[in-house]
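What follows is a single structure, written as structure tokens, with notes after it.
Just so it is clear, the structure is predicted and the values come from calculations on it, not from any experiment. Lettering of chains follows the sequences in order, A, B, ..., and the numbering in each one begins at 1.
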Amino acid sequence: MSKVLVIGEHDGATLNPSTAKTVTCAAAVGEVTVAIFASGGADICAEAAGLEGVARVLHVDSADNDKPLAAVQAPQIAELAADFTHVFGPSTTFGKDLMPRVAALLGVPQVSDLMEVIDERTFKRPIYAGNIVTTVKAPADHTVVATVRTASYQAAASGAGPASVDSASTGAANPGHTRWVELAAASGERPDLQAAPVVVSGGRGVGSEEKFSVIYDFADAIGAAVGASRAAVDAGYCPNDMQVGQTGKIIAPDLYFAVGISGAIQHLTGIKDAGTIVAINKDGEAPIFSVADFGIVGDLFEIVPQLQEALA
Amino acid sequence: MKILVGVKRVIDYNVRVQLNRDSTGVVTDGVKMSVNPFDEIAIEESLRLREQGVATEVIAVGIGGSESQQQLRTALAMGADRAILVETDRPVQSLEAARIFKQLVEKEEPALVMLGKQAIDNDASQTGQMLAALLDRPQATFTSNLTIADGKGTAVREVDAGLETIEFDLPAVVTVDLRLNEPRFVKMPDIMKAKRKPLDVTPLADLGIETPPELEVVAYEPPAERQAGVMVDSVEALVEALKAKGVVQ
Ligand SMILES: Cc1cc2nc3c(=O)[nH]c(=O)nc-3n(C[C@H](O)[C@H](O)[C@H](O)COP(=O)(O)OP(=O)(O)OC[C@H]3O[C@@H](n4cnc5c(N)ncnc54)[C@H](O)[C@@H]3O)c2cc1C
Ligand SMILES: Nc1ncnc2c1ncn2[C@@H]1O[C@H](COP(=O)(O)O)[C@@H](O)[C@H]1O
């Protein structure tokens, strides 16, 4: 039977929702062990141990693991990997940074953005910004390393009879050549873009940083997370962590509002798995309307406040 | 100090990529090819480091068929000093690309390798991290701001939670994100000049690199398409429709 090691993502205090989604995918392959690399982190391990489908948690507690540095964690993971047939991480910036480094140390290819499990070695993944889906087979007799496209999976439920938490350590030394300095977190109090059931995104059509308040106000009124197109981020209307798309976040909310966004392929690839897409655009020919479930043509500065009043 | 910069030939980002007739790959005939957009940014950053006097030489590296010379010429026209093509007609996956870069790093001894954060054809986002692992050197992925001074680098990285800053020793591998810079436009006289710059072609087979275990692509298919929905002509109608579908109360 396959044994999957899932690398848990966390911020030092709580488990990131990407972990529960990766667990769901891993459970379709085999028995799941979650590894938590942290300095301290007993609460994070307890959270992981309560996820449906998790058989065991490995806690690698060390001062070196205080911050997630790929150069520090990859050698530890490569060592633990000896007991597993598969090593999975989330396809978030955390997993994308870390997992290829693990794969290279193991001398194996990586399956990026795994979106469907066919069998233990065969998976589907998107290429060309999601324009094509490929089925790939990982080589026999080698560890399978993958990042899991979290938008393709529901989070494993929490509250399961807790799995055992065992401490683990490795002989891997901190190479010392890479040092963490700081994290400037941008979008403070609003819901997490990657986990929120409702997302409101603004594009270049919003016009300026000041006018982006129309997006924030609407989102806050309905308890939604806020996203953006690349053009809006590039123009400085909002911070980079709000970018949705091929090179930003791939999300799957139940309801997505695209406001003043034209619908470039690189943006659409980030919202393919949304439940319902609503497009608000003054150009009736905008490509966003060809994927939207509901479209309305008009000036966003008139429509959005009205919608806010009707829905709040 | 030298900089090695990755230049991959890919289908232009504006092209709507399509499956070929027998679903064994994508249509490439008559399709516009370009430098991977992230690699353009990597080239630009390398040139700026040279212009600031931090770097002395920028070497563009491509792995691919002989047509990849076109993209290397673009890099030379932008200002790279010379180019190396590792020629092969076989698709090269990220781990093999990393092994090839490793061999070039051992030969050229650059202080920095600048790569794109991902190639927009396979969307793998692996080569830089794999190269850093094979070299046992630092990696600064998804970089949107880079400073090099006193044998050290400082990178601001675009991560899901915001902007993360790390510091690292050289030599190192940097992968670049879109907001690092805006690549310069190539001017006509520079295209002429680029024709005279050295472009060294080496067959991959001559490097004696063992092909690593690879993923086998067993099928290509179109993605599940979303259906276009309905247009509504008022906010009231939109709210009604959303309520009828049960997505809002
Ligand atoms: C390698 C690469 C990666 C990329 N990655 C991403 C990515 O991850 N995410 C992403 O989003 N993009 C990405 N892009 C960029 C993408 O190609 C588009 O340029 C971008 O998505 C356009 O953003 P936009 O729709 O906000 O702007 P535009 O295309 O300029 O559209 C603005 C829209 O607003 C409408 N509008 C204007 N005023 C109003 C008004 N008052 N009321 C209503 N509507 C109005 C206009 O009709 C128009 O449709 C990438 C590009 C490249 C090359
Ligand atoms: N065949 C190649 N030729 C040149 N550079 C490459 C090649 N493959 C990968 N790279 C570099 O590695 C980056 C990431 O590629 P990937 O890991 O395939 O997403 C690219 O942006 C390039 O800088």
*So which part of B:Thr127 gets closer than 4.5 Å to some heavy atom of chain A, the side chain, the backbone, both or neither?*
neither
*Side-chain donor-acceptor pair under 3.5 Å between A:Gln246 and A:Thr269, yes or no?*
no
*Please look at B:Phe38 and chain A and tell me whether the side chain, the backbone, both or neither of the residue comes under 4.5 angstrom of a heavy atom of that chain.*
side chain
_Structural part of B:Val247 lying under 4.5 Å from a heavy atom of chain A_ = both
*Do you know which of A:Arg230, A:Met115, A:His142 has the most heavy-atom pairs with chain B at a distance under 4.5 angstrom?*
A:Arg230
*So what's closer than 4.5 Å to chain A heavy atoms on B:Gln227: side chain, backbone, both or neither?*
backbone
*Which atoms of B:Val10 come close to chain A, meaning under 4.5 Å heavy atom to heavy atom: side chain ones, backbone ones, both, or neither?*
neither
*Report yes or no: do B:Lys245 and A:Thr276 form a side-chain donor-acceptor pair below 3.5 Å?*
yes
*Donor-acceptor side-chain pairing of B:Gln139 and A:Arg101 below 3.5 angstrom*: yes
*Can you find a side-chain donor-acceptor pair between A:Asn16 and A:Thr19 that sits under 3.5 Å?*
no
_Contact class of B:Asp136 relative to chain A, heavy atoms under 4.5 angstrom_ = both
*asked:* Please give me the minimum heavy-atom distance between B:Pro138 and B:Pro171, naming the atom from each residue.
replied: CD-O, 3.4 Å
*At a heavy-atom separation under 4.5 Å, does B:Leu238 approach chain A through its side chain, its backbone, both, or neither?*
side chain
*Considering only heavy atoms, which portion of B:Ile11 lies under 4.5 Å from any heavy atom of chain A: side chain, backbone, both, or neither?*
side chain
_Main-chain N/O of B:Val159 paired with A:Thr93 side-chain donor or acceptor, under 3.5 Å_ = no
*Where does B:Leu95 contact chain A at under 4.5 Å (heavy atoms): side chain, backbone, both or neither?*
side chain
*asked:* Is a donor from one side chain sitting under 3.5 angstrom from an acceptor on the other, for B:Thr141 and A:Asp97?
replied: yes
*Which bit of B:Ala98 is near chain A, if near means a heavy-atom gap under 4.5 Å: side chain, backbone, both or neither?*
neither
_Part of B:Phe142 lying under 4.5 Å from any heavy atom of chain A_ = side chain
*Where does B:Gln118 contact chain A at under 4.5 Å (heavy atoms): side chain, backbone, both or neither?*
side chain
*Among A:Ala274, A:Gly275, A:Ala279, A:Ala310, which has the most heavy-atom pairs under 4.5 Å with chain B?*
A:Ala274
*In terms of side-chain heavy atoms, does A:Trp180 have a donor or acceptor partner in B:Glu164 at a distance below 3.5 Å?*
yes
*Answer yes or no: is there an ion pair linking A:Arg125 with B:Asp123, defined by an N-O contact shorter than 4.0 Å?*
no
_At a 4.5 Å cut-off on heavy atoms, which part of A:His177 comes close to chain B: side chain, backbone, both, or neither?_
both
*Which region of A:Ile271, side chain (C-beta onward) or backbone (N, CA, C, O), has a non-hydrogen atom less than 4.5 Å from a non-hydrogen atom of chain B, or is it both or neither?*
backbone
*asked:* When you compare the side chains of A:Gln194 and A:Thr150, does any donor N or O come within less than 3.5 Å of an acceptor on the partner?
replied: no
